[in-house]
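The next block holds one structure in the form of structure tokens; read it before the comments.
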Amino acid sequence: MSGPEIKPEERLAATLARLILDPAAPPARHIAVGAASPIPAAACWLVKKSGHPVRLSLLHKRSGNPFTEGSRELFDLTGQGRIDLFFLGGGQIDGQANINLIGTGEWPGTGARFPGSFGSAFMYMMTPRTILFREEHSPRVLVEKVDNISAPGLSAPGVFRRGTAQALVTGRAVFRFDPARGRFALESAHPGEDVASIRAATGFDYDEPAHLPATPDPTPEQLALLRGPVRDEMIETYPEFCARVFGAAEKKDAAA
Amino acid sequence: MSGPEIKPEERLAATLARLILDPAAPPARHIAVGAASPIPAAACWLVKKSGHPVRLSLLHKRSGNPFTEGSRELFDLTGQGRIDLFFLGGGQIDGQANINLIGTGEWPGTGARFPGSFGSAFMYMMTPRTILFREEHSPRVLVEKVDNISAPGLSAPGVFRRGTAQALVTGRAVFRFDPARGRFALESAHPGEDVASIRAATGFDYDEPAHLPATPDPTPEQLALLRGPVRDEMIETYPEFCARVFGAAEKKDAAA
Amino acid sequence: MNPETLEASPEALAARVPDGAMVALPPDNSLPSVALAKALIRRGARGLRLLGVPVSGFATDILIGAGCVAEVQTSAVSLGEAGFAPRFTAALKEGRITVRDATCPAIHTMLQAAEKGVPFMPLRGLIGSDILANRPDWRVIDNPFAGGGDPVVLLPALSPDFALIHAAMADREGNVWLGRRRECATIAHAAKATFVTVERLHDGNLLEDERLAPGTISATYISGIALAPRGAQPVALLDEYGVDAGFIAEYARAARTEEGFQAWLARHVTEQHEEALA
Amino acid sequence: MNPETLEASPEALAARVPDGAMVALPPDNSLPSVALAKALIRRGARGLRLLGVPVSGFATDILIGAGCVAEVQTSAVSLGEAGFAPRFTAALKEGRITVRDATCPAIHTMLQAAEKGVPFMPLRGLIGSDILANRPDWRVIDNPFAGGGDPVVLLPALSPDFALIHAAMADREGNVWLGRRRECATIAHAAKATFVTVERLHDGNLLEDERLAPGTISATYISGIALAPRGAQPVALLDEYGVDAGFIAEYARAARTEEGFQAWLARHVTEQHEEALA
């Protein structure tokens with residue numbers, strides 16, 4: 001173990017785990033996690049190692065990759081309705097939960113170009129629940145209106161869609177999304193943040209509770225799981241992340 | 001070798017091989033052969049063992065089955081335009097080269113029920129060349145109009161279609177098909193048959209040459225290939241056929 | 001493995017297939033579970049709607065003969081070298097089953113549409129066939145990518161209630177290995193539930209082995225597994241055993257008559273099982 | 001093997017890819033042939049239209065940097081943990097390449113349509129995305145199987161001129177084994193020609209081995225093969241070698257500038273090869 005101090009990544013993983021297990025949301029029996037998402041992956045492992053019977057499909061996990069039809073299988077699985085929850089980020093995310101992975105300025109990103117939309121234009125609409133996750137929380141990322149829509153947060157009536165954003169988790173706060181109103185509501189702020197600091201860092205308008213709770217710390221049990229069994233599962237795929245967040249790796253990176 | 005007498009199956013295989021190699025037809029670089037077709041399979045092996053660089057995909061060949069996507073791959077291959085030639089039969093075949101694998105009487109075969117259409121409704125239209133093959137040559141099989149169309153010999157203008165019947169080979173004769181006229185022409189009769197016997201055995205009208213040639217015998221080289229290397233390739237898939245036509249099997253049936 | 005995935009026997013899986021279910025079966029020598037078909041007969045299943053992917057064989061004929069079947073959707077029913085399927089033919093003649101004729105790639109296509117989660121998929125060919133004329137559930141549209149005048153068939157997605165497969169092996173995670181018969185993977189992806197009988201259990205995780213993973217269906221798609229050695233017989237299982245052509249020919253002869261079929265059934269399905277249990 | 005299938009080197013295969021060709025590449029760690037990308041750079045290929053299946057990585061970035069590329073159709077270009085793809089980003093900014101953005105399942109779907117020989121295939125999602133708004137070649141129709149008011153996207157079939165893949169092994173029949181990365185099979189089925197570099201030749205026929213056949217692409221689809229040991233490096237090849245993250249991070253740093261990239265290119269692609277030939 002790397003010591004008693006709670007790392008921001010550990011708090012975020014525990015926060016995501018709580019959202020995954022939200023009893024008010026549809027059940028998360030099968031969760032898929034994209035390649036560059038160590039914190040969501042840690043959250044999923046935390047749920048699983050806490051004893052909840054969830055199936056995890058971790059993309060680009062080199063050993064134990066669950067897919068035998070190549071990457072197409074994730075999208076087919078999701079099309080079949082077998083993926084209950086997915087995580088998405090965005091170079092920009094706006095107040096209607098639209099995400100932009102294309103770039104700023106004119107199409108296709110004449111300002112800052114982002115990598116591209118990946119499967120978001122499909123996954124966001126075909127998954128019953130999406131948790132939006134982006135560590136950077138700034139007016140640059142959380143904008144009133146995205147410059148380009150990779151995947152829309154809301155769809156016109158009649159357009160087939162299984163779900164949308166459940167929540168948005170950043171390095172500063174947790175927002176819930178209400179699709180009926182097309183609007184976020186601030187749910188909690190991480191340590192060091194308050195109503196004013198969140199408002200200043202957020203480019204879109206949102207609802208705010210009368211009293212803003214602090215995002216809870218991970219429990220000692222969660223910390224023990226994260227720093228032990230969760231780290232062990234993640235070290236092959238995310239060696240740098242594990243070394244930085246959970247302390248010295250005991251296993252060697254298979255790719256080294 | 002089983003002796004000097006030419007078996008009818010050997011003549012049919014050599015006849016089909018000649019049609020496969022017809023220089024006037026589009027090239028047959030890749031031929032697929034259905035499961036219950038030992039004579040077409042023998043013809044294809046005869047072409048290949050004669051030194052022509054043809055690729056054979058033999059369905060239901062247990063060893064060396066060429067497909068790794070299951071039986072779907074044959075149809076995908078054909079859809080891609082990679083299969084040049086296929087063989088089809090029919091419980092009924094009519095003068096417009098329609099085939100009926102469903103049954104006689106009302107749909108779905110209230111008279112005599114045949115097994116069903118297999119892939120014919122697709123293969124016949126998506127393959128540049130089809131050779132129709134049916135050993136039984138009788139007014140019961142070769143009818144004026146099929147009771148039910150599994151796959152049409154001709155299509156309306158505008159309907160996507162790569163080809164149709166090149167020829168019809170039976171136990172008595174060889175017919176060529178002219179899609180422009182929608183009509184068969186008798187090309188040759190096997191030994192023992194003549195103009196009158198073919199006419200009497202055929203339920204549809206067709207053109208007839210002034211002088212009717214006899215279907216040629218296989219050459220000694222062809223017979224040697226059929227009874228040697230062709231039999232060796234076929235014995236695993238068609239043990240009974242090989243024993244009956246080519247004489248005693250030297251290899252054991254793997255399934256026995 | 002999920003504790004409810006591994007069942008004690010094919011009978012336990014058959015008990016989970018309700019009357020009236022749509023049941024997909026691969027053809028002979030492409031990994032149908034004959035063991036599960038026999039277990040369905042023994043449990044007295046009724047009203048099953050069978051789907052041949054893409055054609056039907058021995059397992060379908062014995063299920064029809066035993067009165068388990070209300071409908072067959074398939075591209076052909078045949079016993080291969082042993083000829084026509086006698087109980088299928090008799091039941092069709094007597095009006096005891098509904099037959100929905102298709103053509104092989106259409107069945108694959110309808111399952112692929114379900115696999116992909118799309119409402120339909122197009123297929124070339126078919127136009128001018130009476131199969132299309134007798135399928136009011138299939139549609140012809142004008143290809144929107146052509147300039148007009150290019151009719152193309154659209155087939156609806158088809159999601160069977162159950163796929164019944166016999167595979168070489170399963171691991172303790174519930175993954176199943178069936179090698180190159182990958183149409184079975186598409187059936188499993190499209191089906192609401194997949195039950196698999198296997199020759200044996202495999203030590204280790206099939207998905208962790210780069211040599212075995214390509215022929216594996218992930219446990220995600222598998223709802224139940226039971227051991228059933230020789231569970232494809234009399235049809236073949238990959239390179240593990242061949243088709244028993246003599247047995248099928250004997251069946252074809254016996255099943256020409258209702259009486260002959262019932263005697264065959266008693267001897268090879270009902271009584272044999274009672275002896276094994278005794 | 002067809003005598004023209006086995007070529008002496010990746011250079012010989014690269015010589016058969018004409019300027020302007022549409023070239024499909026799998027993403028990093030999913031068997032792109034980096035060896036062939038380097039050979040295309042050495043031959044001075046121009047005007048290539050790259051297709052990322054479904055995303056693009058290291059090989060795409062070096063081809064763009066070397067001036068070989070006119071257009072990229074992809075769902076994302078990224079160096080993974082090493083961040084954005086610097087030469088892609090620079091070329092897009094400077095207007096030297098056309099970028100046609102897609103989304104992963106749309107690329108798979110367009111290839112599956114070509115694999116199946118149909119003019120289009122539908123896909124759910126996409127409606128409301130600016131990707132769709134910027135793809136005049138994609139269409140929305142009203143689902144003919146619903147009662148009306150169910151818009152669904154149709155994507156046209158896409159058949160690349162070449163697929164460039166690095167596989168573990170090939171046999172002397174021209175069959176290629178690439179294990180569970182079966183999207184490569186779909187690319188090969190859809191492409192007009194597929195060139196494969198391999199680590200080694202395999203004795204015996206891959207399709208005759210029930211354990212290897214499920215991960216094999218049949219020679220039917222393969223137009224050229226060349227030996228290129230470590231030909232996927234710096235990205236991973238199944239369980240044979242892992243990604244060289246340090247190498248890619250060093251590349252990402254060097255390629256931030258045109259000068260840095262040119263120096264990297266000389267050292268790792270051009271000169272290294274000249275030394276090897278010397």
Side-chain angles (χ1 to χ4, degrees), chain A residues 35-36 38 60 62-63 65 67-76 78-79 98 100-103 107-126 146-162 236 238-241 253-256, chain D residues 26-27 29-30 52-56 74-78 80-81 83-85 88-89 92-93 99-106 108-109 111-112 123-134 143 149-152 179-186 214 236 238-239 241-246:
Chain A
H60 293 232
R62 188 161 145 239
S63 143
N65 175 313
F67 298 129
T68 59
E69 308 271 356
S71 78
R72 186 178 81 212
E73 191 169 351
L74 168 69
F75 305 107
D76 286 353
T78 305
N98 295 307
N100 175 8
L101 290 154
I102 289 287
W107 188 272
T110 52
R113 169 73 196 196
F114 308 144
S117 302
F118 294 93
S120 61
F122 178 82
M123 297 299 287
Y124 203 12
M125 297 171 74
M126 296 299 280
V146 294
D147 291 1
N148 296 287
I149 298 177
S150 286
L154 300 169
S155 294
V159 173
F160 184 91
R161 160 157 222 159
R162 293 209 178 100
E236 187 198 48
Y238 303 107
E240 289 183 30
F241 174 84
D253 172 16
Chain D
N29 309 325
S30 298
V53 186
V55 301
S56 306
T74 190
S75 306
V77 189
S78 160
E81 304 247 326
F84 288 11
F88 162 75
T89 308
L92 184 147
K93 281 269 168 289
V99 179
R100 301 178 84 192
D101 277 279
T103 185
C104 301
H108 291 307
T109 300
L111 293 171
Q112 283 183 285
L123 186 66
R124 284 295 191 190
L126 283 67
I127 295 171
S129 165
D130 285 337
I131 298 169
L132 177 62
N134 285 278
N143 171 12
D150 178 23
V152 63
R180 72 174 87 198
R181 303 298 340 183
R182 295 191 57 81
E183 67 261 69
C184 293
T186 298
L238 303 174
D239 59 350
Y241 45 83
V243 62
D244 187 342

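A, B, ... follow the sequence lines: proteins, then strands. Residue 1 opens every chain.
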Does D147(A) have any side-chain contact (heavy atoms from CB on, under 4.5 Å) partners at least two apart in sequence or in another chain, and if so, which?
Q92(A), N100(A), T104(A)

Side chain proximity check, [X] to [Y], heavy atoms < 4.5 angstrom:
| X | Y | value |
| --- | --- | --- |
| L123(D) | F122(A) | yes |
| Y238(A) | E81(D) | yes |
| F88(D) | R113(A) | yes |
| H108(D) | D76(A) | no |

Please state whether the side chain, the backbone, both or neither of L154(A) comes within less than 4.5 Å of a heavy atom of chain D.
neither

Part of R72(A) lying under 4.5 Å from any heavy atom of chain D:
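Both parts, backbone and side chain.
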
Compare every heavy atom of [Y] with every heavy atom of [X], then report the nearest pair and how far apart it is.
| X | Y | answer |
| --- | --- | --- |
| D101(D) | G116(A) | OD1-CA, 4.2 Å |
| K93(D) | T110(A) | NZ-O, 3.7 Å |
| I127(D) | M125(A) | O-CE, 3.4 Å |
| S71(A) | P54(D) | OG-CD, 3.6 Å |
| S150(A) | S129(D) | O-OG, 2.8 Å |
| C104(D) | G119(A) | SG-N, 3.4 Å |

Could you tell me which portion of [X] (side chain, backbone, both or neither) has an atom closer than 4.5 angstrom to a non-hydrogen atom of chain A?
| X | answer |
| --- | --- |
| A185(D) | neither |
| L92(D) | side chain |
| L132(D) | neither |
| T74(D) | neither |

Among [options], residue most engaged with chain D (heavy-atom pairs, under 4.5 Å):
| options | result |
| --- | --- |
| G79(A), P115(A), G109(A) | P115(A) |
| E240(A), M123(A), E69(A), E73(A) | E69(A) |
| P108(A), A156(A), S120(A) | P108(A) |

Test applied, side chain to side chain contact (heavy atoms under 4.5 Å, CB included); reference residue, S117(A); option that passes from V55(D), D130(D), I131(D):
I131(D)

Option in G125(D), S75(D), S78(D), A102(D) with maximal non-hydrogen atom pairs under 4.5 Å from chain A:
S75(D)

Value for OG1 (T103(D)) from OH (Y124(A)), rounded to nearest 0.5 Å, stands at 14.0 Å

